[in-house]
Each structure stands twice: as C-alpha cells, then as structure tokens.
J.: 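Pasting a structure here, questions to come.
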Amino acid sequence: MQSRFRLTRSEDFKRVRQTGKSYAHPLAVLVALPSASQNLRIGVTAGKTVGTAVQRNRAKRLLREALRPLLPAIAPNWDLILIARPKLAATSLAETREAVIALLNRAKLILSNGS
RNA sequence: CAGGUUGGUUGGGCAAUCGCGGUUCUGCGUUGACGGGAUCGAGGAAAGUCCGCACUCCAGAGAGCGCGACGUCGGAUAACAUCCGGGGCGGGGAACUAACCCGCCGGAAGAGGGCCACAGAAACAGACAGCCGCAUUUUUGCGGUGAUGGUGAAAAGGUGGCGUAAGAGACCACCAGCAUUUGCCGCAAUGCAAAUGGCUAGGUAACCCCCGUCGGGAGCAAGGCCAAGCAGGAGCAAGUUCGUCUGUGGACGAUGGGAGACUGCUCGUCUCCAUACGCGCUUCCCCCUUGUGUGGAGGAAGCCAGUUCCGGGUAGGCCGCAACGAGCGGCGCGGCGACGCGCCGCCCAGAGAGAUGAUUGCCCAGAUGGCGCAAGCCAUUGGACAGAAUGCGGCUUAUAAACCAACCUGAGCA
RNA sequence: GCCCCCAUCGUCUAGUGGACUAGGACGCGGCCCUUUCAAGGCCACGACCGGGGUUCGAAUCCCCGUGGGGGCA
C-alpha cells in the first residue's frame with residue numbers, strides 16, 4: 001500500500017474516529033467513513049496498549065500485509081482506519097487475514113464476492 | 001586434559017517471487033493518485049535519558065553571591081561522573097589462597113557547627129560498682145583513681161616493668177599508630193629507611209560545612225523562513241463646479257479632488273473612493289398616548305468611507321536534517337595502554353500516522369528423540385534482546401547462542 | 001522525540017532534620033451490645049516498588065532499575 005493511499009493527516013484520523021462507524025474484532029477494530037474523494041484511503045494504527053515499539057510495528061505490518069491482496073476488491077470512496085489490539089502482535093498472518101476479511105464483510109465494503 | 005577468569009568478534013547465510021521508504025535517471029498517440037531502470041535502507045545496545053559535548057535561541061558591562069556536580073597520582077580526550085596506566089584501603093574468588101573481579105578515595109590533628117537512639121557511671125567526659133586515702137556518730141561524707149567489672153557498633157594505644165596509699169605514658173623498654181624533617185627508587189601519588197617530637201588524637205562530610213576544579217538558562221516540539229486568512233496596530237484623505245434626463249429618491253457625462261500601484265525621478269497610464277446627511281438606521285433615557293414598544297414628541301451616543309502600510313500565535317508547507325562528519329575501512333609509525341600522527345580508499349538509513357514485511361527452497365549453529373562402542377547418520381523442531389527520529393562520545397540496563405585470543409590452578413606426557 | 005514529577009496496608013494518607021515492632025481513617029474478619037439490623041465498643045489481619053551502597057543503624061541519604069503520571073509557542 002503506497003503512502004498516498006494512506007491516511008496521514010492528524011485531522012483526517014480525528015474526523016474518521018469521531019464520525020465514522022466502527023466494527024470490533026478481538027484482534028483489531030475497523031472504523032469506516034464515506035469520503036468525498038475518489039480513492040480509498042486506509043490508516044493503520046497501534047496504540048501503546050499493544051506493547052513495545054517492536055510489537056506495535058509488528059502489528060501494523062501484519063495488518064498491512066493482510067490488507068494488501070484485498071485492496072482491489074474494496075469499495076473506493078471510503079476512509080478506513082484499522083486499529084490493532086494487544087493480541088495481534090502474537091498472532092500469525094493467516095489469522096490476521098481472516099480477521100480483516102471478517103471486518104470488511106461486516107462493513108459491506110468488499111465489492112466482488114469472488115474470493 | 002579438567003576447572004576457573006578476562007578481553008574481543010558475530011548477533012544466522014545464500015537465492016527466488018511479491019510488497020514498502022529515500023535518492024537519482026528515464027519513457028510517453030494516453031502528462032497520470034502513470035510506468036520502467038539503478039542504488040541505498042536499523043542496533044550492539046537504536047532502549048533508559050544517567051552524564052558530557054556539538055548546534056540553536058534567550059538573557060547578560062565586568063565580577064561576585066547562591067545553587068549543583070566532581071575530588072588518590074600521572075596520562076588520554078572536544079568534553080565527561082568516561083577511558084588507560086600506577087597507588088592505597090575494604091570485600092569477593094579453591095572457607096587460607098591463584099589468575100582475576102567488585103566498591104571506595106581532598107579535609108574530622110589543619111576553621112567551625114550538628115548528631116551518635118537503647119544500654120551504660122560516662123559517647124568526649126560529670127565516677128555506678130570496685131580500689132585507695134582522710135574524716136566519722138559505723139555508715140555515711142569529702143577527695144583521688146580509667147588498672148578491674150558490666151553495657152555498647154564504638155570506652156581513655158597494647159604487653160611487660162618501674163612506681164604508688166591505690167593508680168595513671170607520671171616514667172622506662174619493645175610493638176602498633178600519628179606528625180615533622182632528611183635520604184633513596186619514581187614525573188608523581190605511594191613505598192622503603194633513619195632521626196626528632198609530643199605521648200593518643202573516637203565515628204560521621206553519600207549531615208551542614210571548609211579547600212580546590214568546573215558549570216549563565218533552556219532545549220531540534222530548540223530555532224529560522226513562506227503563502228493565505230484572522231486578532232490587533234498605525235498613517236492618509238472627503239464631500240468642487242457645470243450640464244442633460246427625471247418618477248424629486250436619483251442616474252449619466254464633463255471638470256476638478258483624494259488615496260494607491262507601476263517608475264530611480266518626472267510625465268503618463270491604471271485601479272479604487274467621495275458629492276450615501278435623510279421624514280435615514282440602531283441602542284438608551286424621559287414625556288404623552290394605547291388593550292399592547294400601539295402611535296407620537298424630545299434628548300444622548302453610535303453607524304451610514306474608503307484606502308494603504310505594519311502584523312501575530314496555533315494548524316499547514318520548506319529548512320534545521322541526513323553526502324564531508326570529534327565519519328567509516330585498511331596499512332604503516334609512536335606509545336605498556338587509552339590514544340595520537342601519516343598515507344590510501346569510501347560516501348554509509350533517514351521518515352513526519354512514522355519505511356525492513358510475506359511466501360518458498362537449500363545451507364549453518366542449537367534443542368529433543370531414535371540408531372551406533374565411536375566418528376557419525378536419520379526424523380522433528382527451531383533463531384536471544386530488541387526498531388533509528390538533531391547528531392556524536394560515554395555510562396547503565398536487556399540479551400539465545402557461537403567463535404577467537406590471552407592468563408591462572410591442578411594432573412599427565414615429552 | 002525532548003523535559004519533569006511521583007511510588008508507604010485493599011483504598012486515602014502521616015512519618016522524610018536516621019531510633020520504628022512504621023501511626024491514623026475507611027474497608028475486610030472475629031467478638032460484645034441488640035429480639036434483629038444499623039450505629040457504637042473491643043480485638044485481629046494487613047504496607048515502606050525492586051536491587052546494591054554509605055552508616056553502628058535506612059521508609060528517610062546516594063546510585064541503578066521497574067511501574068505510573070504530567071508538560072512541550
């Protein structure tokens with residue numbers, strides 16, 4: 001996921017967190033908000049409750065890697081935030097991917113149900 | 001060979017595919033939220049933020065006070081509380097003890113103050129018991145005594161003698177310790193030796209303090225710059241005349257005026273403003289009136305004018321800031337060493353919600369199990385602590401395991 | 001990232017100039033009182049964040065670590 005498709009500005013995060021709709025999962029939380037722009041933007045975040053810097057980076061990399069093959073199937077015009085939870089640092093990529101797919105399905109953001 | 005100790009190095013390797021960040025080059029019937037190539041991309045601790053610097057801003061005539069840090073000697077260094085080499089004391093390490101390791105280091109004689117609970121007579125000096133002398137009403141008073149008892153973490157140098165009423169460095173010998181002087185090795189601390197002195201001086205300065213050295217304060221969210229806007233501030237400046245039309249409110253034109261921009265200046269050109277002042281609008285006060293701020297009269301204050309300049313702070317963007325450095329690697333020289341000097345070569349992460357990940361194969365340590373006398377073979381498993389954010393030098397803390405070198409002790413062989 | 005502060009029973013705190021077997025309140029447990037409950041009374045349990053050091057002696061002083069909190073024009 002290239003950086004221009006990420007959420008970067010602090011106020012964007014604030015807006016999505018405050019006005020978006022959130023979906024919870026034991027491993028992560030998804031917050032979604034329809035956006036005015038034509039493109040999908042995704043922010044991945046891990047707070048201090050996840051653990052040390054190594055564990056936070058690990059959690060964010062897992063979420064990005066789990067998200068990467070799903071990107072073409074996700075509906076555009078959305079701003080998304082994925083928030084890591086403490087258990088995520090100790091899980092595998094396959095479990096993370098299942099969690100992300102489940103969250104996206106619940107938010108009805110996956111366009112083609114091919115996979 | 002066994003055991004122990006210290007120092008150093010590494011911190012899995014190679015390959016393939018997909019993906020990410022920086023720099024740079026580049027392609028185009030499609031200049032894109034486009035594509036392609038090259039190259040670089042975490043650590044020994046990046047961590048804790050405990051010290052020291054660089055750098056930046058603020059303050060400041062100079063100096064001092066205060067506060068803080070440090071304190072054996074010599075050296076290294078940009079600097080340090082760090083490092084190297086030496087010294088002293090205490091502790092650990094085979095209950096002694098080797099290599100070696102750990103901690104501490106000015107001053108309590110030489111300024112002064114404070115504290116030393118409980119116990120004990122007494123904590124730096126005041127006699128509880130005991131001993132001795134004198135007096136005495138025979139059980140007390142006065143005096144001497146730190147040699148004895150017990151207390152305590154600490155009790156007036158120790159042993160022996162002489163001496164005495166009893167005792168005491170009061171005196172003597174030896175020992176321990178202190179100060180001064182001299183000599184020797186050493187740059188020095190220190191050590192060794194001798195002489196002399198007074199014979200004794202408790203501990204605590206990680207209590208205040210004294211002496212010496214150093215430090216102005218804050219920290220890259222420092223700090224600098226930029227576009228737009230806002231808060232705010234400052235300057236300048238009014239209402240000319242004439243004509244036409246008219247619905248009498250005004251509109252248009254001309255002339256002149258004001259402010260500004262362009263320019264080095266003038267001319268010139270351009271933009272904006274004004275002749276909005278009335279039966280005006282807003283608020284307040286007061287009077288009359290009304291079902292009612294319903295209607296009316298009066299008074300006060302404000303508005304009906306713009307334009308130019310200056311101009312924040314936060315958020316945003318750029319710089320600081322990632323390629324020239326207390327830089328890295330190699331070689332040589334000097335030094336016991338920390339380190340320094342010279343030559344050659346190299347350019348080596350840099351974001352700004354934060355780039356290193358995923359999958360697969362082979363190999364390398366390691367662990368477990370099985371087979372084997374052994375070398376070894378097979379299977380399964382499996383890679384510590386941990387992620388740069390202004391940079392650097394240290395310290396401290398976390399860390400699976402491997403390799404190399406040196407030293408010590410013991411045993412054996414030559 | 002940079003810079004500060006704090007840590008004492010389950011909770012809130014006192015003690016910080018060394019003497020402590022660490023005090024108090026609420027809570028918890030037991031007993032008494034009451035017909036019972038509450039209130040009250042008595043008793044008990046219960047802590048110096050961890051490790052080193054200085055000192056005769058450390059909650060206190062010094063160093064290192066751990067955890068928590070706060071600030072940054």
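Just so you know, these numbers come straight off a predicted model, no measurement behind them. Here is how names work: the chains are called A, B, and so on, in the same order as the sequence lines, proteins then strands, and each is numbered from 1.
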J.: Take atom CG of A/Leu63 and atom P of B/G354, then tell me their distance rounded to the nearest Å.
T.: 13 Å

J.: For B/U30, which nucleotide in any strand shown is its Watson-Crick or wobble partner with both distances under 3.5 Å?
T.: none

J.: Please measure how far the P atom in B/A401 lies from the corresponding atom in B/U49, and state the result in whole Å.
T.: 29 Å

J.: Using the C1' atom as the point on both nucleotides, what is the distance between B/A45 and B/A386, in whole Å?
T.: 9 Å

J.: Please name the nucleotide paired to B/U241 by Watson-Crick or G-U wobble geometry with both distances under 3.5 Å, or report none.
T.: B/A254

J.: Between the side chain of A/Arg58 and the main-chain N/O of A/Leu88, is any donor-acceptor distance below 3.5 Å?
T.: no

J.: Tell me whether B/C392 sits syn or anti, counting syn as a glycosidic angle within 90° of 0.
T.: anti

J.: Is there side-chain contact between A/Thr45 and A/Lys60, with at least one heavy-atom pair below 4.5 Å?
T.: no

J.: Only pairs with both distances under 3.5 Å count, Watson-Crick or wobble alike; so what is the partner of B/G167 in this structure?
T.: none

J.: For atom P, what is the distance between B/U23 and B/G350, given to the nearest Å?
T.: 8 Å

J.: Checking one value: the base orientation of B/A95, syn if chi is within 90 degrees of 0, otherwise anti.
T.: syn

J.: Syn versus anti for B/G177, judged by chi lying within 90° of 0?
T.: anti

J.: Check the phosphate of B/G21 against A/Arg64, side-chain N and O only, distance under 4.0 Å to OP1 or OP2. Yes or no?
T.: no

J.: Can you hop from A/Leu67 to A/Trp78 via hydrophobic side chains spaced under 4.5 Å?
T.: yes

J.: I'd like the P distance from B/A398 over to B/A63, given in whole Å.
T.: 47 Å

J.: If B/A38 has a Watson-Crick or G-U wobble mate with both distances under 3.5 Å, name it; if not, just say none.
T.: B/U23

J.: Under 4.0 Å from OP1 or OP2 of B/A386: is there any side-chain N or O of A/Thr52 that close?
T.: no

J.: Listing time: all N or O pairs from protein to nucleotides 357-361 of chain B that are below 3.5 Å?
T.:
from: B/G357; atom 1: O3'; to: A/Arg58; atom 2: NH1; distance (Å): 3.4
from: B/A358; atom 1: OP1; to: A/Arg58; atom 2: NH1; distance (Å): 2.8
from: B/A358; atom 1: OP1; to: A/Arg58; atom 2: NH2; distance (Å): 3.4

J.: Using the C1' atoms only, state how far B/G260 lies from B/A274, rounded to an integer number of Å.
T.: 15 Å

J.: Kindly write out the residues that satisfy side-chain contact (heavy atoms from CB on, under 4.5 Å) with A/Ala28, not counting sequence neighbours, or none if the list is empty.
T.: A/Leu63, A/Leu103

J.: Would you say A/Arg85's side chain and A/His25's backbone share a donor-acceptor pair under 3.5 angstrom?
T.: yes

J.: Contact between A/Leu109 and A/Leu80 at the side-chain level, heavy atoms closer than 4.5 Å - yes or no?
T.: yes

J.: Using Watson-Crick or G-U wobble geometry with both distances under 3.5 Å, which nucleotide pairs with C/U16?
T.: none

J.: Are A/Leu62 and A/Tyr23 connected, step by step, through hydrophobic side chains (Ile, Leu, Val, Met, Phe, Trp, Tyr) whose heavy atoms are closer than 4.5 Å?
T.: no

J.: Given atom CG of A/Leu71 and atom P of B/C18, what is their separation to the nearest angstrom?
T.: 17 Å

J.: Can you measure A/Asp79 atom CG to B/A353 atom C1' for me and round it to whole angstrom units?
T.: 14 Å

J.: Going by purine N1 to pyrimidine N3 plus the second Watson-Crick contact, or the G-U wobble pair, all under 3.5 Å, which nucleotide sits opposite B/G298?
T.: B/C285

J.: For A/Val54 and A/Thr45, find the nucleotide of RNA chain B closest to each by heavy atoms; which residue's nucleotide sits nearer the 5' end?
T.: A/Thr45

J.: Measuring only between side-chain heavy atoms, which start at C-beta, is A/Gln55 closer than 4.5 Å to A/Pro86?
T.: no

J.: Could you check if the base of B/A401 is syn or anti? Syn means the glycosidic torsion is within 90 degrees of 0.
T.: anti

J.: Counting Watson-Crick and G-U wobble pairs only, both distances under 3.5 Å, name the nucleotide matched with B/C1, or none.
T.: B/G410

J.: For B/G44, does the O4'-C1'-N9-C4 (purine) or O4'-C1'-N1-C2 (pyrimidine) torsion place it in syn, i.e. within 90° of 0, or in anti?
T.: syn

J.: Using atom P of each nucleotide, how far apart are B/U30 and B/A351 to the nearest Å?
T.: 33 Å

J.: Can you measure A/Leu67 atom CG to B/A353 atom C1' for me and round it to whole angstrom units?
T.: 15 Å

J.: B/A166 and B/A127: how far apart are their C1' atoms, nearest whole angstrom?
T.: 15 Å

J.: For B/A400 versus B/A411, give the span between their C1' atoms, rounded off to a whole number of Å.
T.: 35 Å

J.: What is the distance, rounded to the nearest whole Å, between atom NZ of A/Lys60 and atom C1' of B/A351?
T.: 12 Å

J.: Give the rounded distance in Å between these two atoms: CD1 of A/Ile42 and P of B/G19.
T.: 17 Å

J.: Run A/Val100 and A/Leu30 through side-chain contact (heavy atoms from CB on, under 4.5 Å) and show every step you take.
T.: CA-CA 8 Å; A/Val100 170; A/Leu30 173 73; over 6 Å; no

J.: When both hydrogen-bonding distances must be under 3.5 Å and the geometry is Watson-Crick or G-U wobble, what is B/U204 paired with, if anything?
T.: B/G114

